[in-house]
Amino acid sequence: MSPAPVIIAIDGRSGAGKTTLAIELAARLREHHKVSLFHLEDIYPGWNGLAAGIERYVSTVLAPLHRGDPAEWVSWDWNAHDDGATRTTQPAEIVLVEGVGAAAEAARPFLAAAVWADSPEHDRRSRALARDGESYEPFWDEWAAQELAWLAGDDVPARADVRVLNLADGAAPAEVLQALQYLPAVAPALLPELGTRRGLQLRAERLDAAPDPARLFEALFGRSANAVWLDSSLAPESSAAAERSRFSILADDGGPFGQSVRHSSGTTRVSVGNASVRTEGPFFRWLDGVWGRADLRAPAGYPCEFTLGWLGYLGYELKRETGGSDVTAESPDACLLFAGRAVVLDHVDGTVWLLALDTADAGGWLQAARTATETCSGPAAVPVSTGAGGSAAVELSAPAPDFAARDSEVSYKSKITEAQHEITEGNTYEVCLTTALAAELPAALDPRQAYLALRRRNPAPFASYLRFGDLTVASTSPERFLRITAEGGMRAEPIKGTRPRDADDARDALLRHELESSPKDRAENIMIVDLLRNDLSHFAVPGSVSVSRLCAIESYATVHQMVSTIDARLRPGMPRAEAVAACFPAGSMTGAPKVSTMGILDRLEGAPRGVYSGAIGYFSLNGATDLAVAIRTLVLTELPGGGTALSLGVGGAITADSSPEEEYEEIRTKAFGVLSALGAEFPPG
């Protein structure tokens with residue numbers, strides 16, 4: 001008896017290309033494994049024998065193979081319309097079984113993975129008849145009726161681990177193979193395939209150019225369903241701002257290794273071209289499996305930490321994995337894309353870096369990116385305003401949205417009082433209370449136009465534009481959540497304390513001084529600094545946690561902010577995804593102590609935060625990450641009827657000394673930068 005094989009079923013309706021997919025997948029797997037292949041069409045007892053064929057297949061083929069024994073089964077003689085010869089299928093390291101019913105309910109206990117192949121109806125019929133000719137045509141309707149009857153009681157597509165739209169263009173085998181690597185029951189057997197991917201090389205080109213980022217993003221990724229622009233749109237005015245504002249990253253999920261990920265309530269779905277794979281389990285455990293190793297080194301002279309990898313957002317409701325309660329959000333808890341090619345703009349050196357994994361299409365993409373960079377450089381570049389009086393020069397085609405507040409002024413102030421009661425009772429020291437503004441536009445709002453208006457009105461070092469199908473995130477965040485360098489340096493830069501900017505220089509200076517000298521704001525900031533020192537210490541080298549800046553004032557287009565910087569060194573060998581989880585969500589968006597305060601917030605707020613209060617940034621293939629706190633962030637969702645839903649989260653830290661009137665005015669101040677760019681106002685009442 002041989003060791004139990006990994007059995008993978010490839011199912012789908014007749015004509016979906018299962019046979020070709022299985023044969024080509026087997027050929028790829030045979031580069032590193034012994035593979036057996038079984039076709040269900042050899043065992044069906046006639047044109048009306050789908051149900052009986054599935055029963056035979058499970059009992060005489062799957063059961064013995066699953067034990068590691070040879071499977072002896074009776075074939076069907078399609079010419080004689082009767083049982084044929086007895087055949088034997090030998091067990092192997094990997095066994096592929098393909099055919100209608102291969103992943104039927106009775107088969108599932110024996111399978112490591114189930115793949116469902118989809119194909120358009122007209123394509124399926126033409127493929128099947130082209131393959132089997134006149135012998136199949138008289139029985140097509142009879143067989144199709146059996147498939148429908150079977151699927152009515154056994155929803156295999158819904159339970160399949162992997163689904164692929166097989167367009168017969170040759171892409172499906174590679175896409176399915178990549179998808180299978182995410183399944184825990186299959187991944188150990190595919191270590192050679194994983195090793196091949198991790199052995200990829202990085203191609204890089206440096207260009208002396210300063211293209212307009214907006215034009216370049218549109219030229220390269222404007223038509224991509226999933227694309228990310230991590231946009232350092234704030235012109236550097238200090239050494240601290242220069243470090244955070246130096247690089248912009250533009251990427252999509254195109255190319256042979258392009259992928260996108262959506263995680264919701266414990267379910268992760270990865271899309272690889274026309275294939276998708278679903279796994280269950282915590283998101284940070286999934287992230288630990290795909291990120292954290294030094295798989296790619298930076299090219300010589302390259303100054304940025306990003307060397308391709310995952311980009312996107314982590315939503316606040318991932319707190320269920322870090323000590324918070326389980327709350328369901330309308331938007332995905334995380335959306336990421338894997339970029340196998342990207343453009344990195346160095347705003348300090350005035351250079352552009354083109355990065356691509358060394359694949360067959362890399363040369364063509366690098367040439368296209370080079371041409372686009374040259375085209376988008378020059379006098380047509382759009383200037384970025386950084387002053388308090390900067391205006392949004394981008395015209396929005398849609399009317400100004402009419403936002404409604406989740407909490408009225410009276411309701412929000414009442415919640416502030418409740419939060420202060422919790423502080424008095426000793427249940428918390430500080431509560432970052434938030435609410436949300438929402439609007440619906442009957443006509444579609446161009447998300448890109450909206451973001452360009454935001455970045456001109458309120459430029460920020462961690463601005464970002466994320467597009468994931470019908471979901472767009474437009475953020476002008478000034479706050480770093482967490483950075484981990486490839487060498488293990490860790491940094492958090494919480495913001496607590498805000499004042500509005502004023503067009504009058506004297507009044508503006510007075511507001512800045514007021515923030516700088518405010519005992520309440522300093523106390524808020526220092527409490528969060530202490531919380532983050534504790535968060536970082538869980539994975540830091542003992543004694544390495546330090547505060548290099550405490551309560552410094554930074555000025556942005558619409559606000560003055562109080563910022564601190566906490567540094568540490570990651571202990572060698574520590575899982576980097578877990579180090580991120582230990583700090584998530586940002587303490588500046590919860591309060592202190594974090595876990596108990598998150599419970600208080602769930603009760604007071606009574607609604608999920610979604611993207612807001614989460615994190616936006618990248619997870620690089622060299623083990624580095626740089627994440628911003630998702631504040632000053634507009635979330636746009638396409639509605640089924642063609643309109644657009646908008647959501648904007650706002651909030652502030654509540655302490656025992658907080659004034660409800662001042663706290664309410666603070667959320668109006670924080671919302672101003674986004675609302676004014678859209679021509680909207682804070683809702684009254």
Side-chain angles (χ1 to χ4, degrees), residues 229-249 313 347 384-388 390 392 432 434 451 453-466 473-483 491-502 508 511-512 515-516 521 524-525 528-529 532 548-566 585-589 611-618 626-634 648-653 666-677:
W229 174 12
L230 300 183
D231 174 26
S232 295
S233 59
L234 179 64
E237 296 177 349
S238 67
S239 59
E243 182 271 320
R244 284 173 286 165
S245 302
R246 180 172 181 178
F247 302 106
S248 291
I249 301 169
Y313 78 79
H347 302 296
V384 175
S385 171
T386 59
C432 186
T434 77
Y451 175 66
L454 293 184
R455 78 188 291 264
R456 287 186 62 83
R457 184 67 185 91
N458 192 30
F462 295 107
S464 56
Y465 176 72
L466 319 177
V473 178
S475 178
T476 55
S477 174
E479 182 175 356
R480 171 177 275 147
F481 162 50
L482 178 67
R483 183 186 72 177
R491 170 169 287 184
E493 296 185 280
I495 290 176
K496 269 288 161 261
T498 304
R499 293 293 186 278
R501 298 295 305 271
D502 197 285
D508 192 58
L511 288 166
R512 179 186 172 102
L515 175 61
E516 191 172 28
D521 288 296
E524 287 181 12
N525 197 293
I528 298 305
V529 167
L532 286 172
S548 55
R549 278 198 313 166
L550 185 64
C551 299
I553 305 302
E554 295 183 354
S555 298
Y556 298 91
T558 60
V559 292
H560 300 292
Q561 306 262 218
M562 184 177 285
V563 187
S564 294
T565 301
I566 307 101
S588 60
M589 299 307 297
V611 179
Y612 174 62
S613 297
I616 297 172
Y618 67 73
D626 204 354
L627 301 167
V629 181
I631 54 176
R632 319 291 196 272
T633 297
L634 185 69
L648 173 66
V650 287
E666 181 172 324
I667 68 170
R668 292 171 57 90
T669 296
K670 290 176 176 176
F672 176 75
V674 175
L675 296 180
S676 61

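Computed over heavy atoms, backbone and side chain alike; hydrogens, waters and symmetry mates excluded. Keep in mind it's a predicted model, so treat the numbers as computed, not measured.
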Peer 1: With a 4.0 Å cut-off on N to O distance, would you call R499 and D521 a salt bridge?
Peer 2: yes
Peer 1: For the pair R244 and E554, find out whether any cationic side-chain nitrogen is under 4.0 Å from an anionic carboxylate oxygen.
Peer 2: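 Here R244 pairs with E554 in a salt bridge, since their nearest N and O are under 4.0 Å apart.
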Peer 1: What distance do F481 atom CZ and L532 atom CG have between them, rounded to the nearest 0.5 Å?
Peer 2: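 Those atoms lie 8.0 Å apart.
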Peer 1: For residues E493 and S564, is any side-chain donor paired with an opposing acceptor at under 3.5 Å?
Peer 2: no
Peer 1: About how many Å separate OH of Y612 and CZ of R632, when rounded to the nearest 0.5 Å?
Peer 2: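 Separation between the atoms: 8.0 Å.
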Peer 1: Can you tell me how far OH of Y451 sits from OG of S475, rounded to the nearest 0.5 angstrom?
Peer 2: 8.0 Å
Peer 1: In a check of side-chain contact (heavy atoms from CB on, under 4.5 Å) between P478 and each of V563, I631, T498, which one passes?
Peer 2: I631
Peer 1: Heavy atoms only: give me the nearest P461-Y556 pair and the separation to one decimal.
Peer 2: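 Heavy atoms of P461 and Y556 come nearest at CD-CE2, 3.5 Å.
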Peer 1: Any chance the side chains of S245 and S232 put a donor and an acceptor closer than 3.5 Å?
Peer 2: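 No, S232 and S245 have no side-chain donor paired with an acceptor closer than 3.5 Å.
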Peer 1: What is the distance from atom CD1 of I616 to atom CG of L466, rounded to the nearest 0.5 Å?
Peer 2: 5.0 Å
Peer 1: Please name the pair of heavy atoms, one in L627 and one in A615, separated by the smallest distance, quoted to 0.1 Å.
Peer 2: CB-CB, 4.1 Å
Peer 1: Which atoms form the tightest heavy-atom contact between R457 and A677, and what is the distance?
Peer 2: CB-CB, 3.7 Å
Peer 1: Is the shortest side-chain N to carboxylate O distance from R501 to D508 below 4.0 Å?
Peer 2: yes
Peer 1: Taking all heavy atoms of G652 and all of I667, pick out the closest pair and write down the distance.
Peer 2: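 That would be N-CG2, 4.3 Å.
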Peer 1: Are a donor atom and an acceptor atom from the side chains of D231 and S464 found within less than 3.5 Å of each other?
Peer 2: no
Peer 1: So does R512 pair up with E516, basic N to acidic O under 4.0 Å?
Peer 2: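 Not counted as a salt bridge, because no side-chain N and carboxylate O are separated by less than 4.0 Å.
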Peer 1: Give a yes or no answer on whether the side chain of S477 reaches the backbone of V629 with a donor-acceptor pair at less than 3.5 Å.
Peer 2: yes
Peer 1: Would you indicate whether the side-chain heavy atoms of V650 and T434 approach each other to under 4.5 Å?
Peer 2: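 The answer is no; the side chains never approach within 4.5 Å.
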Peer 1: Using a 4.5 Å cut-off on heavy atoms from C-beta on, say whether the side chain of H347 contacts that of F247.
Peer 2: no
Peer 1: Do I249 and Y618 have side chains that get closer than 4.5 Å, going by heavy atoms?
Peer 2: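 They are in side-chain contact.
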Peer 1: Drop me the distance from N525's CG to I495's CD1, to the nearest 0.5 angstrom.
Peer 2: 9.0 Å
Peer 1: Would you give the length of the straight line joining atom CG of L515 to atom CD1 of I553, rounded to the nearest 0.5 angstrom?
Peer 2: 4.0 Å
Peer 1: Quick one: closest heavy-atom pair of P494 and E479, and the distance?
Peer 2: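 Looking at all heavy atoms of both residues, the closest pair is CA-OE2, 3.3 Å.
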Peer 1: Does some side-chain heavy atom of T633 sit less than 4.5 Å from a side-chain heavy atom of V473?
Peer 2: yes
Peer 1: Would you say that L454 contacts V674 through its side chain, given a criterion of any heavy-atom pair below 4.5 Å between the two side chains?
Peer 2: yes
Peer 1: Does any non-hydrogen side-chain atom of R491 lie less than 4.5 Å from one of T565?
Peer 2: yes
Peer 1: Do H560 and L511 touch side chain to side chain, with heavy atoms closer than 4.5 Å?
Peer 2: yes
Peer 1: Quick check: does any side chain N or O of K496 sit under 3.5 Å from a backbone N or O of S588, one acting as donor and the other as acceptor?
Peer 2: yes
Peer 1: Does the side chain to side chain contact (heavy atoms under 4.5 Å, CB included) test come out yes or no for K670 and V559, once each step is laid out?
Peer 2: CA-CA 8 Å; K670 290 176 176 176; V559 292; 5.5 Å; no
Peer 1: Measuring only between side-chain heavy atoms, which start at C-beta, is S676 closer than 4.5 Å to N458?
Peer 2: no
